[in-house]
Amino acid sequence: MTLRLYNTCTRKKEEFKPITEGKVGIYVCGVTVYDSCHVGHARSALVFDVITRYLKYRGYEVTFVKNFTDVDDKIIDKAKATGLPFSEVAERYIREHNEDMDALGVERPTVAPRATDHIGGMIRLIQALFEKGLAYQAGGDVYYAVEKFPSYGKLSGRGLDDMMAGARVDVNEKKNNPLDFALWKASREGEPWWDSPWGKGRPGWHIECSVMSREFLGETFDIHGGGEDLVFPHHENEIAQSEGASGKPLANYWIHNGFVRINSEKMSKSLGNTCSIKDMLGSCRPEALRLFMLQSHYRSPVDYTDSSLAEAKLGLDRLYSTMQGIKEILAGKTDFSRVTMDSLPARHRGVLDRIDALPVRFAEAMDDDFNTARALGYLFDAVRVTNTYLAEERAAVSAATLFVLNRAKKHFEGTGRALGLLGSDPDDYFLEARDREASVRGLAMEEIERMIEERKQARAAKDWARADEIRRTLAEKKIILQDAGSTTTWKIE
RNA sequence: GGCGGCAUAGCCAAGUGGCUAAGGCAGCGGUCUGCAAAACCGUUAUUCCCCGGUUCAAGUCCGGGUGCCGCCUCCA
C-alpha cells in the first residue's frame, strides 16, 4: 500500500517516497507573531497536525519543523503602537500561539525555531547568493535577482512575463526588476538591527525559512507545507534562495491547505470578520472544530459558520456516545481471554469482520492524499455497525461480545488518535460538555439535581403527572432528561 | 489582464470510467420508552450546473457555455 499525495509543484498526486526509508522530514511555515491566531491558522495547524499524526500512525519517524517569524514589519509596527520592545511583542504572541495550539490538541512540532536565532545563517546564505550572482546590493538593502534564476515561477506555475504583465507589482526604484525581493533590509531609526556586511539591517521575510529548513532538515527534505496563499511569493522565493544556492531541490513534495471562509466571505482583517481561536473556543469545544475541518478535504475551501460547527458537534457526540456504550459494557469485566477468532460464533464474527475493516479502509482513504472526509465516513460506518451490535447485545452480554467490543474500541482509538479525535474518556466528554453549557447559561446544578431526585420519587410512585411536569419545567431551560432504567441523566439541548 | 480551482439531495460533503452515487446534519415513518431522550430499523439524488463529444460504459475523460471562488500586494 502506498501513500499518495498531491504535489503543488507538479499539480498531480504522486506516490510518496521518503529520502530516507522510514523517515520523513517536514517543514511548515508557521506564523508571524504580531497578533492572535485565528480560525485560518487553526485550519492550517490542524491539517498539518493530522498529516504528521498519520505519518506516525503509518510508522514513519517524523521530524516536523514549524517556525516562528519573530522579526518583521508588522511586529515592529505593533511594538511602536504598544511601546513594547519588538522582542516582547513576539514573545507574547508566541506564548499565545502555543496556548491556542495546545487547546486545539495540536501536537508540538519536533523543532519550533525562531528567525532571530538564525541571523548568522541568513547572512551566510545571502553571501552564497552573491557568489552565485543571484543577489545584488542597493544601498543598505540586498535583493534577489529573480531573472537570474531560470526556474523562477515553477511552483506557482507562472512565468516571469506573466507576472510582469500583472499591474499590481510594487514600484521600488532600488530594484532592478519589480519582482526582485528583499533578502536584507537596511534598518531605519528605532528598528531592530543586526550587523552584516551590508550594514545594520534585518532579514527579508523569505530568507529565514530557507535557512531554518536547511539547518534542521538538510538541503533537500521530504515535505514542505503551508497555507495556499504562501505558494506565491513566499514559497517560490524560498525555492529561488535555497535552490539558487545549493543547486539541489528544496523539497520533494509541496502541500498547501485551502482557506477558511466565514459565512461565505473571505476572512480578512480588512473585512473585520476574523475569528480568533480564543474567542471560538469560548463557545465550542476544540474537537468539534477539528471534526468540522476534517470533514472537508484539506485542499478545499471551507466555510465556517455557527451552524456548521454545531452540526460537527452533534457528529462528535455521536462518536463519543458509541465509545460510551462500549465502555459501559466493557466495564462489566467478564473475562474474555479465552475467546479466539475461531471460537467466535458466526453472528459475532460477522460484526467483527465489519469492524476490522475500519483500519484497512481508514488507511486506504488517508493514503489517498489524506482524504480525511472519506476516512471519517468509514469511521461513522463502523460506528453504526457497533451501535447496532450494542443494541442487540446489551440485554445479554457474553464473552464474545466483550471480545468484539474490545477490538472495536482499539480500532476507534487507533484511528481516532491518527486524526486527533476521541482522546477523551467518553464519560468525561459528556460531563464536560454538559457542565460547560450549564455554566455558560448560569444554571444551578444543585437545583437540577434536586428536581431530578424529586422526579425519581414521583416516578417510583407512578405519579406520571408530576414526573412530566418536572420534565417540562427543565425542558423549558433546555435541559433534556434521559431515563435509563432507574437512573436519570441530563444534558443541555 | 495573467494563472488556477470549484459546481453532487434541504444543508455540509466524499467519490482514483464499470456492481445498489460514501458519510454527517436536518426531515419523515417505525421499534424501544409510563411519556420522552439516546440508540436502532426503514425512507429521503432514475441522477451529479447546461450543451456537445470520446467510449461497450462518464458524476468521473475531452471541447464549449454559465455561475461562484482563490492567487497575482502582507496573509495560514
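The figures here come from the full heavy-atom set of this structure, side chains too, leaving out hydrogens, waters and symmetry mates. Chain naming here is simple, since letters A, B, ... match the order of the sequence lines and numbering starts at 1 in each.
Considering only side-chain N and O atoms, Asn387(A) lies under 4.0 angstrom from the phosphate OP1 or OP2 of C40(B). Phosphate contact (OP1/OP2 of A76(B), side-chain N/O of Lys66(A), threshold under 4.0 Å): absent. Here Arg384(A) does not reach the OP1 or OP2 of A22(B): none of its side-chain N or O atoms lies under 4.0 Å away. The side chain of Thr388(A) contributes an N or O atom lying less than 4.0 Å from OP1 or OP2 of C41(B). For Arg158(A) and G4(B), the shortest distance from a side-chain N or O to OP1 or OP2 is not below 4.0 Å.
Atom OH in Tyr389(A) sits roughly 15 Å away from atom P in C41(B) (whole-Å rounding).
The side chain of Leu314(A) has C25(B) as its nearest neighbour among A37(B), A39(B), C25(B).
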Which nucleotides of nucleotides 7-21 of chain B have their base under 4.0 Å from a protein heavy atom (B), which only their sugar-phosphate (S), and which neither (-), written as one string 5' to 3'? ------SSSB-----
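Less than 4.0 Å separates RNA chain B from at least one heavy atom of each of the following residues of residues 472-481 of chain A: Ile480(A), Leu481(A). Applying a 4.0 Å cut-off to non-hydrogen atoms, none of the residues of residues 420-433 of chain A approaches RNA chain B.
Between Tyr378(A) and Phe362(A), the ring center distance fails the sub-6.0 Å criterion. Annotation: His224(A) is in aromatic contact with Phe221(A) [ring centroid separation under 6.0 Å].
In this structure, Glu228(A) reaches the sugar-phosphate backbone alone: every heavy-atom distance under 4.0 Å involves primed, P, OP1 or OP2 atoms, never a base. Contacts of Gly377(A) with the nucleic acid, taken as non-hydrogen atoms under 4.0 Å apart, include base atoms. Base contact: Gly40(A) has a heavy atom under 4.0 Å from a base atom.
Helical stems of RNA chain B (runs of at least 3 Watson-Crick or G-U pairs, donor-acceptor distances under 3.5 Å) are listed by first residue: B:1-7 with B:66-72, B:10-12 with B:23-25, B:27-31 with B:39-43, B:49-53 with B:61-65.
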N/O to N/O distances under 3.5 Å, protein versus nucleotides 31-34 of chain B:
residue, atom, partner, partner atom, Å
G34(B), O6, Arg455(A), NH2, 3.2
G34(B), O6, Arg459(A), NE, 3.2
G34(B), N1, Asp468(A), OD1, 2.9
G34(B), N2, Asp468(A), OD1, 2.7
G34(B), N2, Asp468(A), OD2, 2.4

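Under the ring-ring contact (aromatic ring centres under 6.0 Å, His included) criterion, Phe380(A) pairs with no residue, sequence neighbours left out.
Under the stacking criterion of a centre-to-centre distance below 5.5 angstrom and an interplanar angle below 30°, Phe259(A) is not stacked against the six-membered ring of G70(B).
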